[in-house]
Student: 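Would you mind keeping the following structure in view while I ask a few things?
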Protein chains: 2
Amino acid sequence: MAARKKSKRDRILDTAEELFALHGYDGVSLRKIATGAGVDVALANYHFGKKLDLFSAVFERRAALLNDSRHQALRDCQSKAGKKGPSVEQIIEAFLRPLEMAQETGDSGWKNYLALLAYINNSPYWGRLMMSKLFDELVNEFIEALKQALPQAEEEDIYWCYHNMSGALTLTLAQTGRIDTLSGGKCLSSDFQSAYDHMIPFTAAGFRKVCSQRSSKGKSKGAM
Amino acid sequence: MAARKKSKRDRILDTAEELFALHGYDGVSLRKIATGAGVDVALANYHFGKKLDLFSAVFERRAALLNDSRHQALRDCQSKAGKKGPSVEQIIEAFLRPLEMAQETGDSGWKNYLALLAYINNSPYWGRLMMSKLFDELVNEFIEALKQALPQAEEEDIYWCYHNMSGALTLTLAQTGRIDTLSGGKCLSSDFQSAYDHMIPFTAAGFRKVCSQRSSKGKSKGAM
DNA sequence: TTATTATTTCAACAAGCGTTGAATTATAAA
DNA sequence: TTTATAATTCAACGCTTGTTGAAATAATAA
């Protein structure tokens, strides 16, 4: 309803973004997207090609922006920290806050996009390929920073901790509203500030705990 | 390929379970399910009704079993702990280990089912309704136990911590393989023991951290 | 056996799907 | 204005979808 000046091409992207985030790739037809965008069904094909190409276009549209903003946040906290390097909390903050800010903008497009990211990140196999292609480079920057902040940690532990953080984040991005129901309204999935204010110390403590205890304690991975 | 003695009805459930977990509700047609089960397409309708009813049947089939096993694990750790009650770690262990055991059984059905759970838990709106109906009662038992283990905690904090734990768990259940790619094979999403061995101390530390720091510190929720 | 009921398949339906070539309109260039 | 190009719609294609009533088969009861 907001912008009337948007091109039809952009309206297709916006509508597709919203519907894909809500119903997944197979839950949305090109005709529903076209109707939602107020456009003929053939126009999506003209601008983007096949349905999967449209999906990719939606997925890629905001990826670079997001990567830049997180990259910048990491650089900022690194310069602020000096040569001893930033703390675990500061690194996680740099990783997560840009997402909170994106979700908090009035623009519902970002909210939809991040929900779409959650959908893709939870999709087996093909989701992994799409995510890796666009986000692995940035994630590896953060992993490197975390290794420096936790010099005694085993590499494997850091990856598992990242996995847990990524899961917590993904559920927040998905905005399923489960927390609203469970808490009887005490917590709202739309209250992003609360979500991230809790997620940051929660995950930071997890990193510290797992990566500080000396290794091979009950992990039974080597010789039997 | 395994069991040849299963009824056609069960084969429909098994195939649907696997395909729904892999491709989501809209990504699977009744014909693909029927083909996979070696059965006519009309048979699914005869046994289960509409497509959504079949989906619900798959979803509900193992829910009670799972709830029982987690409920039992909680009771066990409570009796072992005596009247002072179990620790956060013990409660989380009771919450998570039954899932690990289910994933580790040779039966691939459980793996598929839990991936389906992850899919549903990440689905906006309708996912919340389905999950709440079957799992809220059990989850509230665990929340109560956690409140006792963290008597100084604010209720809201406990819910947010549970939200984070649920996210970490969900991504593990989804088995997207992201961690495999990211870590270059150092961590495998199929290595369930490692996943849970890390998830438990990670989330327990998060609970302790968030629920011990005295409240209203930068949460800016009450009067300004 | 026959009669009855439960299971399974067959055949088809109306509707929606992604996609495309040709026609139409709007925009920009000459 | 005329000409060329870009944007958009129209109309239709072959295919797949969920669903269903009737026919066929298998299992059970009499």
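Note that the structure is predicted; figures quoted are calculated from it, not measured. Each chain gets a letter, A, B and so on, in the order the sequences are listed, and its residues count up from 1. Just the heavy atoms: all of them, side chains too, but no hydrogens, waters or symmetry mates, feed the values below.
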Student: In Å, rounded to the nearest 0.5 Å, how long is the span from CD1 of I179(B) to NE2 of H198(B)?
Tutor: 9.0 Å
Student: Got a sec, which residues hit side-chain hydrogen bond (donor to acceptor under 3.5 Å, both in side chains) with Q175(A), two or more places apart in sequence or on another chain?
Tutor: none
Student: For nucleotides 9-24 of chain C, give me one character per nucleotide, 5' to 3': B if any protein heavy atom sits under 4.0 Å from the base, S if the only such contacts are to the sugar-phosphate, - if neither.
Tutor: BB-B----BBBB----
Student: With a 4.0 Å cut-off, would you call E17(B) and R62(B) a salt bridge?
Tutor: yes
Student: Does the side chain of D14(B) come within less than 4.5 Å of V58(B)'s, by heavy atoms?
Tutor: no
Student: Tell me every residue that passes ring pair (Phe, Tyr, Trp, His ring centres under 6.0 Å) with F20(A), counting only those two or more places apart in sequence or in another chain.
Tutor: Y25(A), F55(A)
Student: Between which nucleotides of DNA chain D, read 5' to 3', does contact with chain B run, using atoms under 4.0 Å from its heavy atoms?
Tutor: dT17(D) to dT20(D)
Student: Please, what dot-bracket string fits DNA chain D when only Watson-Crick and G-U pairs with both distances under 3.5 Å count, crossing ones use [ ] and pairs to another strand use |?
Tutor: .|||||.||||||||||||||||||||||.
Student: Sort out for me which residue in I92(A), L169(A), N164(A) forms a side chain to side chain contact (heavy atoms under 4.5 Å, CB included) with T203(A).
Tutor: I92(A)
Student: Does the T15(A) side chain pair with the main chain of I12(A), one donor and one acceptor, at a distance under 3.5 Å?
Tutor: no
Student: Please walk me through it: do T181(B) and D136(A) pass side chain to side chain contact (heavy atoms under 4.5 Å, CB included)?
Tutor: CA-CA 9 Å; T181(B) 305; D136(A) 270 11; 3.7 Å; yes
Student: For residues V210(A) and W160(A), determine if any side-chain heavy atom of one lies less than 4.5 Å from a side-chain heavy atom of the other.
Tutor: no
Student: Taking ring pair (Phe, Tyr, Trp, His ring centres under 6.0 Å) as the definition, give me every residue that meets it alongside F142(B), ordered by chain and number, with sequence neighbours left out.
Tutor: F95(B)
